[in-house]
Amino acid sequence: MFKTRLLSGIVLVIVLAAVVGYGGNVLALFLAAISLIGLKELYKVAEVHNRWLGAAGYLAAVLYYALIFTGRLDHMTMLSILFLVLVMAVYVFSFPAYRAEQVTTIYFGFFYVAVMLSYIYQTRMLEDGAVLVCLIFLSSWGCDTCAYCVGMLIGKHKMAPKLSPKKSVEGGIGGIVGAALLGVLLALGVNAWAGMSVSPIYYGVICGAGGAISQVGDLAASAIKRNHEIKDYGNLIPGHGGILDRFDSVIFTAPIIYYLATFLA
């Protein structure tokens with residue numbers, strides 16, 4: 001199991017490095033694809049993944065990424081309103097085929113998966129975006145690794161005992177500090193080897209903040225799974241689960257890194 005998880009993790013990192021490094025439409029297409037897969041995983045939990053209500057969510061995601069392709073994100077508010085109208089139309093004209101919580105899951109899922117993941121692309125398109133986008137993954141997966149190691153060594157106080165008994169406060173703090181240090185190391189590395197002149201403190205603050213938020217994303221995904229009594233969202237990535245199992249923290253970290261990089265710049 002460990003070998004399978006390690007191998008699939010390495011493959012995932014290589015694929016991500018390739019598409020993120022290339023950027024542009026290739027990255028946008030990749031994110032659109034994994035957003036649709038993630039939506040299907042979430043909608044499957046709500047039992048609407050292969051029904052008309054789920055189709056409305058997939059359509060909204062496709063149209064959203066079409067706005068990204070055409071550079072018309074200024075129409076995002078209009079899309080959000082039209083999507084709400086469409087979802088409610090399906091709900092009322094097929095009543096009582098769907099429950100109210102299924103409708104809210106459809107609308108929530110569009111933002112939770114498709115919109116939040118798109119900030120990987122939006123961060124990549126910033127100035128120095130090729131480096132800034134690395135902070136998204138360092139602050140999510142790097143924080144997770146550091147939190148696990150620190151928690152195993154000195155973790156005593158449970159962070160969320162009913163939701164995730166193995167996570168500790170000490171591990172959470174260690175994850176944040178570890179993510180901040182990874183941000184500092186990234187800055188030092190690109191300054192030395194890529195001829196850049198970014199502030200290590202700037203990258204450390206961004207990565208540390210992202211690490212804190214990533215833990216909320218991780219726990220949020222766990223809460224949804226526990227509410228529906230499932231272990232994983234899917235089995236697309238051997239040893240890891242589905243897209244939402246692997247990108248749960250990235251979903252929350254991506255927009256945080258984008259806005260911190262924008263505001264602090």
Sub-3.5 Å donor-acceptor pair from the side chain of [X] to the main-chain atoms of [Y], do we have one?
| X | Y | value |
| --- | --- | --- |
| Trp141 | Phe247 | no |
| Glu41 | Gly234 | no |
| Ser8 | Gly239 | no |
| Asn191 | Ala187 | yes |
| His228 | Ile224 | yes |
| Ser94 | Ala97 | no |
| Tyr121 | Leu27 | no |
| Gln215 | Ala212 | no |
| Arg124 | Val131 | no |
| Asp245 | Tyr233 | yes |

Please report the C-alpha distance between Val177 and Val150 in whole Å, then the side-chain angles of each, then the deciding distance to 0.1 Å, and finally whether the side chain to side chain contact (heavy atoms under 4.5 Å, CB included) criterion is met.
CA-CA 10 Å; Val177 173; Val150 173; over 6 Å; no
Would you say [Y] ends up clustered with [X] if hydrophobic residues are merged whenever their side chains have heavy atoms under 4.5 Å apart, either directly or through other cluster members?
| X | Y | answer |
| --- | --- | --- |
| Ile257 | Val216 | yes |
| Val103 | Val85 | no |
| Leu186 | Leu16 | yes |
| Met159 | Met152 | no |
| Tyr259 | Leu264 | yes |

Side chains of Gln122 and Ser118: do they bring a donor and an acceptor to under 3.5 Å?
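Judged by distance alone, the side chains do pair up.
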Between [X] and [Y], what is the shortest heavy-atom contact and its length?
| X | Y | value |
| --- | --- | --- |
| Thr123 | Ile136 | OG1-CD1, 3.8 Å |
| Gly211 | Cys143 | O-SG, 3.4 Å |
| Met116 | Ile251 | CB-O, 3.3 Å |
| Ser80 | Phe111 | OG-CZ, 3.6 Å |
| Ala114 | Tyr65 | O-OH, 3.1 Å |
| Leu244 | Gly38 | CD1-O, 3.5 Å |

Look up atom [atom1] in [X] and atom [atom2] in [Y], then write down how far apart they are to the nearest 0.5 Å.
| X | Y | atom1 | atom2 | answer |
| --- | --- | --- | --- | --- |
| Asn227 | Ser222 | CG | OG | 11.0 Å |
| Lys167 | Leu163 | NZ | CG | 9.0 Å |
| Ser35 | Leu42 | OG | CG | 12.0 Å |
| Cys207 | Leu181 | SG | CG | 9.5 Å |
| Leu86 | Ile81 | CG | CD1 | 14.0 Å |
| Leu138 | Ile206 | CG | CD1 | 12.0 Å |

Would you call the rings of [X] and [Y] parallel, tilted or perpendicular, taking 30° and 60° as the class edges?
| X | Y | value |
| --- | --- | --- |
| Phe252 | Tyr112 | perpendicular |
| Tyr58 | Tyr43 | tilted |
| Phe95 | Tyr91 | perpendicular |

Answer whether the closest heavy-atom distance between the side chains of Lys225 and Val45 falls below 4.5 Å.
no
With respect to Ser140, which candidate in Thr145, Ile256, Thr253 satisfies the side chain to side chain contact (heavy atoms under 4.5 Å, CB included) definition?
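Output: one option passes, namely Thr253.
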